[in-house]
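Predicted model, so just to flag it, every value in this text is computed and none were measured. Starting from 1, each residue takes its place in the sequence as its number. Remember, it's 1-based here, ligands and their atoms both numbered in the order they're listed.
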Amino acid sequence: MAILNLLHFPDERLHTLAQPVTDFGPELQRLIDDMAETMYAAPGVGLAATQVDVHKQLFIADVSEENNRLLVFINPKITRREGECELEEGCLSVPGIYDKVAGRAREVTVEALDRHGKPFSLTADGLLGLCIQHELDHLLGKVFVEYLSRLKQERIAKKLKKNQRKSM
Ligand code: GNR
Ligand code: NI
């Protein structure tokens, strides 16, 4: 297994539209295992393939305390959305920035394929429900900060630049 390199906002590769997965062979299995290792090491509760510069419709999530409930979503679609989410979100590709995004549903139902290509459906609220919406956006080339006001985006850009200088 390996820890993969994460793309950071405003890298334009984060705006790539992911393509459907058609091959469930060993290469995909290795990618999923490497993404899981990368997510747990970060640590994060979700990771989209887009963030590791692989533009396939695949994301993983694990909101369990013990990091032992890995969920794999391939070619996912949200089929039902309900209510309004009140939670703040963050992103491994935008480190240190947390905010609420308008328009997130409180609960979603998602239909997807598992790592072996078997279809499943899952209804989730709370952090997992929000994470699913956040990861689906990554697959569409959207980063959550792009939903914030222009003023907030300008502040974020400044803060990221400052943090970048500090880490050099
Ligand atoms: O680790 C993560 N935490 C999180 C918190 C609230 C809403 C969404 C997320 S996803 C994020 C990891 C990430 O960047 N996934 O794309
Ligand atoms: Ni993210």
Q | Contact summary for Ile3 and Ala41, nearest pair of heavy atoms | A | CD1-CB, 3.6 Å
Q | Contact atoms of ligand 1, heavy-atom distance to Leu127 under 4.0 Å | A | 5 (C), 6 (C)
Q. Can you list the ligand 1 atoms lying under 4.0 Å from a non-hydrogen atom of Gln51?
A. 13 (C), 14 (O), 15 (N), 16 (O)
Q.
Within ligand 1, which atoms have a heavy atom of Leu130 less than 4.0 Å away?
A. 7 (C)
Q | Polar proximity ligand 1 side, Ser93 side, N/O cut 3.5 Å exclusive | A | no
Q: Please could you name the atoms of ligand 1 that Cys91 approaches to less than 4.0 Å, counting only its heavy atoms?
A: 14 (O)
Q: Kindly say whether Pro119 contributes a backbone atom to a donor-acceptor pair with the side chain of Glu111 at under 3.5 angstrom?
A: no
Q. Hey, which atoms in ligand 1 end up nearer than 4.0 Å to a heavy atom of His138?
A. 16 (O)
Q: Identify the protein heavy atom lying closest to atom 12 (C) of ligand 1, giving its residue, its atom name and the separation to 0.1 Å.
A: Gly46 O, 3.2 Å
Q) Is Lys158 paired with Glu154 through a side-chain N to carboxylate O contact shorter than 4.0 Å? A) no
Q | Atom of Ile74, atom of Phe24 and distance for their closest heavy-atom approach | A | CD1-CE2, 3.7 Å
Q) Hey, which atoms in ligand 1 end up nearer than 4.0 Å to a heavy atom of Glu89? A) 6 (C), 7 (C), 8 (C)
Q: Identify the two heavy atoms, one from Leu130 and one from Glu89, that lie closest to each other, and give their separation to 0.1 Å.
A: CD1-OE2, 3.2 Å
Q: Identify the protein heavy atom lying closest to atom 11 (C) of ligand 1, giving its residue, its atom name and the separation to 0.1 Å.
A: Gly90 O, 3.6 Å
**Q.** Presence of salt bridge, Arg106 and Glu82, under 4.0 angstrom
**A.** no
**Q.** For Leu92, atoms of ligand 1 separated by under 4.0 Å from a heavy atom
**A.** 12 (C), 13 (C), 14 (O)
Q: Identify, for atom 3 (N) of ligand 1, the protein heavy atom at the shortest distance, and state residue, atom and that distance.
A: Val45 CG2, 3.3 Å
Q.
For Glu37 and Asp33: C-alpha separation, side-chain torsions, deciding distance, then whether side chain to side chain contact (heavy atoms under 4.5 Å, CB included) applies.
A. CA-CA 6 Å; Glu37 191 179 0; Asp33 291 340; over 6 Å; no
Q: Report yes if some heavy atom in the side chain of Val63 is under 4.5 Å from a heavy atom in the side chain of Leu71; otherwise report no.
A: no
Q. Do Asp23 and Lys56 meet the salt-bridge criterion of a basic N to acidic O distance under 4.0 Å?
A. no
(Q) Among all protein heavy atoms in this structure, tell me which lies nearest to atom 10 (S) of ligand 1, with the distance rounded to 0.1 Å. (A) Glu135 OE2, 3.6 Å
Q. Can you list the atoms of ligand 1 that are under 4.0 Å from a heavy atom of Gly44?
A. 1 (O)
Q: Could you grab the angle centred on the Ni ion (ligand 2), going from SG in Cys91 to NE2 in His134, to 10°?
A: 110°
Q: State, to 0.1 Å, how close Val108 and Gly129 come at their nearest heavy-atom pair, and which atoms those are.
A: CG2-O, 3.8 Å
Q | Sub-4.0 Å heavy-atom contact, Glu88 with ligand 1 | A | yes
